[in-house]
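Single-structure report; data block below.
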Amino acid sequence: MSLEGLEEKWRARWEADGVYRFDRRAPRDRVFAIDTPPPTVSGSLHVGHVFSYTHTDVIARFQRMRGRAVCYPMGWDDNGLPTERRVQNYYGVRCDPSLPYDPAFTPPATPGTQAIPVSRPNFVELCARLTAEDEVVFEHLWRYLGLSVDWSMTYATIGRDAQRVSQLAFLRLLRAGRAYQVEAPTLWDVDFRTAVAQAELEDREVPGADHRVPFARPDGGTIEIETTRPELIPACVALVAHPDDPRYQPLFGTTVTTPLFNVPVPVMAHPLAEPDKGTGVAMICTFGDITDVTWWRELSLPVRAVIQANGAFRPVTWGEPGWESLDVPRAQAHYDQLAGLSAVKARARIVDLLRESGALIGDPRPISHHVKFFEKGDRPLEIITSRQWFIQTMNVREALLARGRELQWHPEYMRARFENWVNGLNGDWCVSRQRFFGVPFPVWYRVREDGTTDVDARLVPDEARLPIDPSTDVPDGFTAAQRGAPGGFAGDPDVMDTWATSSLTPFIVSGWERDPDLFARTYPMHLRPQAHDIIRTWLFSTVLRAHLETDSLPWADTAISGWVLDPDRKKMSKSKGNVVTPMGLLEEHGSDAVRYWAAKGGPGVDTAFEPGQMKVGRRLAIKLLNASRFVLGGTTPVGPITESVDRGMLRQVRALVVKATRHLDEYDYAAALRETETVFWSFCDHYIELVKRRRMGDDGPARSAAAASQVGLSVLLRLLAPFMPFVTEEVWSGWQTGSIHRAAWPTPHECDAPGASDADETALRCAIDITVRIRAQRSELKLGFGVPVSLTLELAEARRADWERVKADVLAGNNAAGQRVTFVADDDALTVAIATAS
RNA sequence: GGGCGGUUAGCUCAGCGGUAGAGCACCGGCCUUACACGCCGGCUGUCACAGGUUCGAAUCCUGUAUCGCCCACCA
């Protein structure tokens with residue numbers, strides 16, 4: 001029997017029969033709802049996806065067999081920058097939100113050299129078109145892998161309903177005062193020209209240099225500071241030192257002047273200044289880093305910003321308000337050499353200027369330091385003042401920590417990552433992005449008679465109108481002609497952070513504010529499976545939104561998968577070039593085999609990519625086919641289970657059912673598989689080998705073997721079905737009616753044979769112990785199984801009864817023609833000698 | 001710098017107070033009417049290190065080393 005063609009057959013059949021269809025009429029207490037991670041379709045699937053999605057699927061299949069109506073949808077995350085970039089290149093377009101929607105627009109067959117400007121709705125249409133193609137590929141892989149998803153529940157994060165949910169949830173927060181817009185310094189990527197959130201940051205170690213620079217004191221002396229960003233000297237608004245620092249206490253309250261620009265700035269005291277960093281005095285600029293923002297706010301300092309949204313130094317007319325200098329011409333002359341430059345170029349230039357004017361003490365000292373980057377960005381983040389939308393998080397931190405404790409984590413220790421993150425939050429969540437492909441903010445503003453936008457005069461649509469796009473839709477009471485006109489309106493140009501939509505996946509899936517019946521049955525959901533690297537983003541933001549919107553957890557449990565590591569124990573990633581394409585793997589080893597490997601990686605455990613384990617999985621699948629063929633291929637009718645070996649085997653299987661069920665209930669699929677596998681191999685190598693000859697007859701003992709082996713097989717098949725759905729279905733289908741994946745999860749009760757007891761289990765143990773020794777002897781004497789032997793046994797007296805129970809099976813199962821047994825008092829006694837039977 | 005996890009046979013990993021385990025790899029044997037895509041057997045370890053608790057520690061505690069991850073760190 002072979003595995004060829006078997007998976008293909010069942011993929012088609014499952015779809016045709018709707019085996020995995022969610023029963024929407026199931027009462028809530030029978031539902032098991034899974035908040036599946038929507039993969040980013042503009043990326044490519046890698047073996048890590050196969051790994052973690054298999055884990056979820058095992059749980060889904062287990063719960064389904066336990067009688068739960070499993071709500072197991074798939075989502076596609078098509079929002080965000082990766083898609084934008086692909087669409088720009090693929091179609092040769094660029095988004096210009098100021099353009100009107102052109103329903104007739106079609107992209108050129110091949111992208112031209114000059115990007116065609118298109119409206120935001122047109123751009124979004126192209127994004128949807130391209131991602132739809134990606135989704136087909138993804139769905140094919142998931143089906144190939146055998147995920148038991150209900151494909152009728154698929155959603156996309158840019159889809160109409162996801163937009164509606166995102167906008168509706170946003171408006172609700174706005175109304176509740178939990179979302180707000182403010183003009184404030186925010187982290188900014190100068191290449192993407194958008195604000196970014198704390199969750200999207202990463203630190204990178206980059207080379208830099210400490211520059212020592214003197215500021216002039218009124219008494220003619222100097223005060224020296226150290227900085228890695230000398231280009232921000234024109235943006236300096238104060239110096240700061242620790243209040244307890246005796247070196248600088250005399251200077252607090254005095255004014256010093258900046259080098260090159262001769263700007264008077266105060267020397268101030270603040271506890272965040274660290275005496276042992278640099279010279280103990282820091283230059284406060286608007287804005288060099290987050291600490292600058294804190295100082296600026298807490299010390300009520302003015303703003304003197306030099307870096308623009310595109311990263312270039314802005315033009316400044318010195319002497320104007322805010323740009324006072326004691327030597328305006330000198331300041332202007334120096335600054336003019338910086339205007340228009342990027343931060344890096346301005347830094348090089350200002351070092352020259354400092355050196356020329358004698359204001360650089362020593363040479364810049366090269367260092368390596370950590371700098372904040374947008375995770376997808378190439379240049380360090382700047383802090384730029386702009387108008388952005390925020391969702392309150394700082395004032396609910398304690399509540400979120402409580403939610404984190406309420407949530408059941410698998411494994412438990414992953415909760416620490418959540419708490420770590422919540423405790424480290426330093427500001428509310430900035431959710432607006434100055435990008436195009438995403439969910440727009442459903443907000444317009446009034447335009448004043450002078451043509452300027454009044455950002456405080458917000459216009460929001462009725463909830464019933466959602467989703468809307470303010471760049472094409474018109475607020476109630478206005479006409480399209482009034483867009484941008486004096487007395488008219490203007491749409492909010494921004495889109496939401498991709499996590500602002502992803503954080504609502506439980507709402508999207510469960511029909512929040514769309515299908516109250518479905519919502520009541522599925523929300524809060526039961527399980528959030530995901531990898532540990534997005535605890536700070538996806539898991540955190542989902543808990544936050546559910547807390548704010550429904551005052552509850554979004555789900556009861558979360559199961560955190562580890563990563564797949566390459567043989568060097570590094571995370572598999574595209575950039576390292578060590579990625580294995582999942583489709584190739586599945587084709588080579590078979591989905592059941594790859595799933596086997598994946599399922600062996602326990603919750604939270606990073607697991608090495610190992611084709612060897614897939615081969616083992618494949619072997620298990622083949623073994624399953626062959627063992628089934630033996631068990632089901634006999635012609636012996638079933639009868640009462642009377643033999644000790646049969647009963648002992650069933651006792652083992654019974655214990656396995658209890659343990660495997662418990663493990664799966666606790667989301668420890670790896671432990672369940674391990675135990676099941678062990679018992680299954682013992683079933684094949686020990687049990688079947690012992691009884692196969694007994695079963696050849698038609699008498700009571702033969703019928704007992706036929707019956708017991710069928711019960712054992714039935715239970716083992718079902719225990720393995722969540723892991724190896726294809727091969728188990730193949731066997732089941734030729735034997736039972738209906739899909740194994742809809743069959744009832746085995747119960748201990750099924751394995752009960754009348755009259756079975758512990759004695760049967762120890763008797764089986766005895767039979768196996770003796771058999772193992774006989775086999776060793778055969779191996780040592782190079783005697784094939786075909787050669788009949790006679791046995792000489794020395795057994796513990798305590799095992800006399802065991803021996804009597806299993807004697808016939810041991811002899812038949814080992815091709816032994818005769819035996820001579822002596823019993824001794826030693827409880828450990830067990831010696832076996834064999835000789836060729838004459 | 002803070003947090004979390006790992007360190008067990010050549011490799012991948014179980015075990016998490018009571019005589020060191022599995023699979024793979026390796027070596028040897030076996031055609032045994034379910035399976036040669038198989039079966040049987042064998043070899044392999046100061047359980048990272050040092051202290052402590054205990055009758056007993058791979059397992060609990062403390063510390064060290066080391067690897068990885070998360071977070072913080074632009075003077």
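Just so we're on the same page: letters track the sequence lines, and every chain starts at 1.
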Comparing A:Val772 with A:Lys782, nearest RNA chain B nucleotide closer to 5' gives the residue A:Lys782
CG (A:Leu400) and CG (A:Leu407) are apart, to the nearest 0.5 Å, by 12.0 Å
Against the side chain of A:Ala416, the closest entry in B:A34, B:C4, B:C70 is B:C4
For A:Arg536, answer base if it contacts any base atom (sugar-phosphate contacts may also be present), sugar-phosphate if it contacts only those atoms, and nothing otherwise; contact means non-hydrogen atoms under 4.0 Å. sugar-phosphate
Short question: side chain of A:Thr279, backbone of A:Glu224 - any donor-acceptor pair under 3.5 Å?
-> yes
Margin query: Please give the distance between the P atoms of B:C16 and B:C71 as a whole number of Å.
Written below: 32 Å
Rounded to whole Å, CZ of A:Arg778 lies from C1' of B:G42 at a distance of 18 Å
* Give A:Leu425 one of three labels, base, sugar-phosphate or nothing, depending on what nucleic acid heavy atoms sit under 4.0 Å from its own. => nothing
- prompt: Under 4.0 angstrom, heavy atoms only, what part of the nucleic acid is A:Glu419 near: base, sugar-phosphate, or nothing?
  reply: nothing
**Message:** Considering every strand and a 4.0 Å limit on heavy-atom distances, what is the contact class for A:Ala273: base, sugar-phosphate, or nothing?
**Reply:** base
Answer for the Watson-Crick or wobble partner of B:C30, both distances under 3.5 Å, is B:G38
Worksheet item: Can any side-chain N or O of A:Gln613 pair as donor or acceptor with the backbone N or O of A:Ala608 at less than 3.5 Å?
Response: no
For B:G21 and B:C47, measure between their P atoms and round to the nearest Å.
14 Å
Exercise for review: Using a 4.0 Å heavy-atom cut-off across all strands, classify A:Asp203 as base, sugar-phosphate, or nothing.
Suggested key: base
By the Watson-Crick or G-U definition, both distances under 3.5 Å, B:A9 is matched with none
Only one of A:Thr54, A:Val616, A:Val564 passes side-chain contact (heavy atoms from CB on, under 4.5 Å) with A:Trp597, and that residue is A:Val564
Q | Note: A:Arg694-A:Asp646 ion pair, threshold 4.0 Å (strictly below) | A | yes
query = Counting only distance, no hydrogens or angles, is the base of B:A34 paired donor-acceptor with the side chain of A:Glu689 under 3.5 Å?
reply = yes
Take atom C1' in B:A57 and the same atom in B:G52, then report the distance between them in whole Å. 11 Å
Across every strand shown, the nucleotide meeting Watson-Crick or G-U wobble geometry with B:G1 (both distances under 3.5 Å) is B:C71
Next item on the list: Pick base, sugar-phosphate or nothing for A:Gly633, based on heavy-atom distances below 4.0 Å to the nucleic acid.
Entry: nothing
Checklist entry - Between the base of B:C74 and the side chain of A:His369, is there a donor-acceptor distance below 3.5 Å? => result no
Inset, instruction - Could you tell me whether the side chain of A:Ser779 has a donor or acceptor atom within less than 3.5 Å of a complementary atom in the base of B:G42? - result: no
Result for 5'-nearest mapping on RNA chain B, choosing between A:Tyr596 and A:Gln198, is A:Tyr596
**OP:** Just call it for A:Leu239: base, sugar-phosphate, or nothing, with non-hydrogen atoms closer than 4.0 Å on any strand.
**Re:** nothing
If we take the C1' atom in both B:U64 and B:G29, what is their distance in whole Å? 49 Å
Would you tabulate the side-chain donor-acceptor contacts of residues 265-278 of chain A under 3.5 Å, counting partners in other chains and residues two or more places apart, or write 'none'?
unit_1, atom_1, unit_2, atom_2, d
A:His270, ND1, A:Leu272, N, 3.0
A:His270, ND1, A:Trp295, NE1, 3.1
A:His270, NE2, A:Glu298, OE1, 2.8

Closest to the side chain of A:Val605, out of B:A14, B:A34, B:A75, is B:A14
